[in-house]
Amino acid sequence: MTAPALPAAELAALADPAAYDLTDPQTFDDNDPHEMWRPFRAHNPVFWHAPRDGKPGFWVLTKYDDIMAAYRDNKRYTSERGNVLSTLLLGEDSAAGKMLAVTDGPRHREIRNLMMKSFSPRVLAPVVENVQKLTDRLISEAVEEGEVDFVTAVADRIPIHTIGDLMGIPAGDREQLVDWNAQTLSRYSADDGEEVSLMARNEIILYISGLMAERRRNPGEDVLSTLATATVDGEPLTEEEIIYNAYSLILGGDESSRATASGIVHAFSLYGDQWRRLKNAEVTLESATEEVMRWTTPTMHFGRHALTDIPIRDHVVKAGEIVTLWNSSANFDEDAFADPYTFDLGRTPNKHVSFGHGPHFCLGAYLGRVHMISMLESLRTRVAGIELLAPPTRLFSNFANGHATLKVRLTPQA
Ligand code: HEM
């Protein structure tokens, strides 16, 4: 990633909405995100992405403050018609009103309160211990091997076990779930069609409904059992609510944590100075984690539908229109972060938007951070050096900012 240093007039010319199709994952393969977003923030911070190929148009927010305001505002915006471009553009999400992320109002609060019980640090303590052990084992094995694809050797193999532990998913089924999951939001390559995503999503839902039926008969301590047996005002959750919310944990918990894990290693392969700061314990693991979250921005955008006319800067978003919030721009906004293009593990303050903000703030943020801290700690103690062996490949996505491959050599710590 580079920081574009262009004269103002040239920068302004680059803030051309027609130059980028944000619905096309290829756009994110072809363009450096900083070169793409910086001109818009400076000269066209709120713009209309015209309809293309039969897909509706939508608003694009690039400034940190505008994005935070939209995340906070669940009165004038709704998530119930989708919260990522793939569903927003369809105008509906089949899980609306049932799955936390695409539910608003009192039902959102009720389900969120219920699920939060399973996400407190106290309840999660055994899960956290397993994350630390597994991360350390996988890093040790990767170091022993020396040259690995970090995605398949390590990143792919951690979060699903966390979710698996949380939900009591049998160990033998977890690999298949990772595979389906990778196909739902991102695709491995441009050659896989959209129907691959859809089929994978259906497979996951089918799998969970089988597991849910089993947990209703034999409840355990896991989150799925909690969802399957919980009541709100004396009423159990509907089957759809249980299935969709379990599904959202697999979805939310797996992909973004994987993306961040490979992002950490990629960043350290490029920024030796920050690697040395980590190694020499010149920064805390906590501040390093926040900077890695900002730097990698695992989820590039989220979005909403406007419920009413909303003025933003020089524009008025009309009721019913789609508004997209680009985390990958907000996290590098010059007005919110000093020296945003510098990867600085000691950065403070660091109020990145990688976990969102407001009523839909990531339910798994604590777990996400646990993954990162465990990874940083194991890398710091087990690895002396990280060397990139080949240019990495990105996941083919306009949503997930992760790697499909990341070939590295890890030298062991003496
Ligand atoms: C929501 C990012 C890990 C479960 C969100 C949102 C973001 C996000 C940005 C807000 C979506 C919106 O406003 O529409 C991330 C990142 C992660 C991560 C970057 C890891 C690095 C996890 C984990 C879990 C999880 C580990 C669960 C095990 C959820 C759920 C929501 C959510 C259930 C919906 C919350 C609501 O709507 O009230 N996540 N997430 N996430 N995340 Fe995460």
Side-chain angles (χ1 to χ4, degrees), residues 67-68 70-74 77-85 87-88 93 95-105 107-116 118-120 123-124 127-128 131 155 158-167 169 181 185 222-224 227 241 244-264 289-290 292-305 323-328 330-331 352-375 399-402:
I67 288 172
M68 291 291 267
Y71 269 128
R72 241 188 328 264
D73 188 348
N74 65 345
Y77 292 101
T78 179
S79 298
E80 294 214 344
R81 293 174 62 198
N83 71 337
V84 291
L85 265 173
T87 49
L88 287 162
D93 188 312
K98 300 162 208 136
M99 184 166 91
L100 204 55
V102 286
T103 299
D104 282 312
R107 195 59 179 162
H108 174 257
R109 265 197 309 281
E110 285 164 1
I111 299 181
R112 191 169 164 107
N113 286 344
L114 199 127
M115 289 178 76
M116 287 228 299
S118 307
F119 279 85
S120 74
V123 176
L124 287 177
V127 181
V128 168
V131 171
I158 298 173
I160 194 65
H161 287 291
T162 317
I163 308 305
D165 285 351
L166 266 177
M167 292 183 27
I169 295 172
N181 207 24
L185 282 179
D222 55 277
V223 180
L224 188 55
L227 284 169
E241 282 176 331
Y244 278 124
N245 283 299
Y247 170 67
S248 83
L249 294 184
I250 298 179
L251 203 70
D254 180 33
E255 177 122 20
S256 7
S257 297
R258 273 191 302 137
T260 327
S262 63
I264 293 179
T289 296
E290 297 313 310
V292 165
M293 289 300 308
R294 181 187 80 93
W295 192 254
T296 55
T297 312
T299 50
M300 289 188 277
H301 77 268
F302 276 97
R304 306 285 188 257
H305 273 86
V323 180
T324 55
L325 325 176
W326 289 84
N327 296 340
S328 46
N331 275 343
H352 62 76
V353 293
S354 293
F355 286 119
H357 180 64
H360 287 282
F361 180 77
C362 177
L363 193 70
Y366 171 75
L367 260 188
R369 288 185 163 115
V370 162
H371 281 121
M372 299 312 113
I373 290 193
S374 306
M375 179 65 65
F399 173 75
N401 188 28

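Positions are given from 1, in the same order as the sequence printed here. Remember, it's 1-based here, ligands and their atoms both numbered in the order they're listed. Values reported hereafter were calculated over all heavy atoms of this structure, with side chains retained and with hydrogens, waters and symmetry mates removed.
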Taking only heavy atoms of [X] into account, list the atoms of ligand 1 that are under 4.0 Å away from them.
X	answer
Phe119	27 (C), 28 (C)
Ser354	2 (C), 9 (C), 19 (C)
Met293	19 (C), 21 (C)
Tyr71	13 (O)
Pro359	38 (O)
Thr260	21 (C)

With nothing but distance in play, are any N or O atoms of [X] less than 3.5 Å from an N or O of ligand 1?
X	answer
Arg112	yes
His360	yes
His108	yes
Ser79	no

Can a non-hydrogen atom of His371 be found less than 4.0 Å from any atom of ligand 1?
no
Check for me whether Met115 has a heavy atom closer than 4.0 Å to any atom of ligand 1.
no
In terms of residue, atom name and distance, what is the protein heavy atom nearest to [atom]?
atom	answer
atom 28 (C) of ligand 1	Ile163 CD1, 3.4 Å
atom 13 (O) of ligand 1	Arg304 NH2, 2.7 Å
atom 34 (C) of ligand 1	Ala101 CB, 3.8 Å
atom 7 (C) of ligand 1	Phe302 CE1, 3.6 Å

OG1 of Thr103 to CG of Asn74: how many Å apart, nearest 0.5 Å?
12.0 Å
Can you tell me how far CE of Met167 sits from OG of Ser118, rounded to the nearest 0.5 angstrom?
11.0 Å
Pairs under 3.5 angstrom only: tabulate donor-acceptor contacts from the side chains of residues 356-366 to other protein residues two or more places apart or in another chain.
residue : atom : partner : partner atom : Å
His357  : NE2  : Arg72   : NH1          : 3.1
His360  : ND1  : His108  : NE2          : 3.3
His360  : NE2  : Asp104  : OD1          : 2.9

Does [Y] offer a backbone N or O that forms a donor-acceptor pair with the side chain of [X] under 3.5 Å?
X	Y	result
Asn327	Thr299	yes
Asn401	Ala259	no
Ser257	Gly368	no
His301	Leu85	yes
Ser248	Met99	no
Arg294	Asn331	yes

Kindly state whether the ring of Tyr71 and the ring of Tyr77 have centres lying under 6.0 angstrom apart.
no
Atoms named by residue and atom, protein N, O or S, within reach of atom 43 (Fe) of ligand 1 (under 2.8 Å):
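The answer is Cys362 SG.
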Quick one: list whatever passes salt bridge (Lys or Arg N to Asp or Glu O under 4.0 Å) with Glu80, sequence neighbours left out.
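Glu80: no salt bridge (Lys or Arg N to Asp or Glu O under 4.0 Å) contacts found.
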Decide yes or no on side chain to side chain contact (heavy atoms under 4.5 Å, CB included) for Thr297 and Trp326, but give the supporting numbers first.
CA-CA 10 Å; Thr297 312; Trp326 289 84; over 6 Å; no
When you check the side-chain N and O atoms of Thr260 and His371, is any donor under 3.5 Å from an acceptor?
no
For Arg81, all residues meeting side chain to side chain donor-acceptor pair (under 3.5 Å), sequence neighbours excluded
none
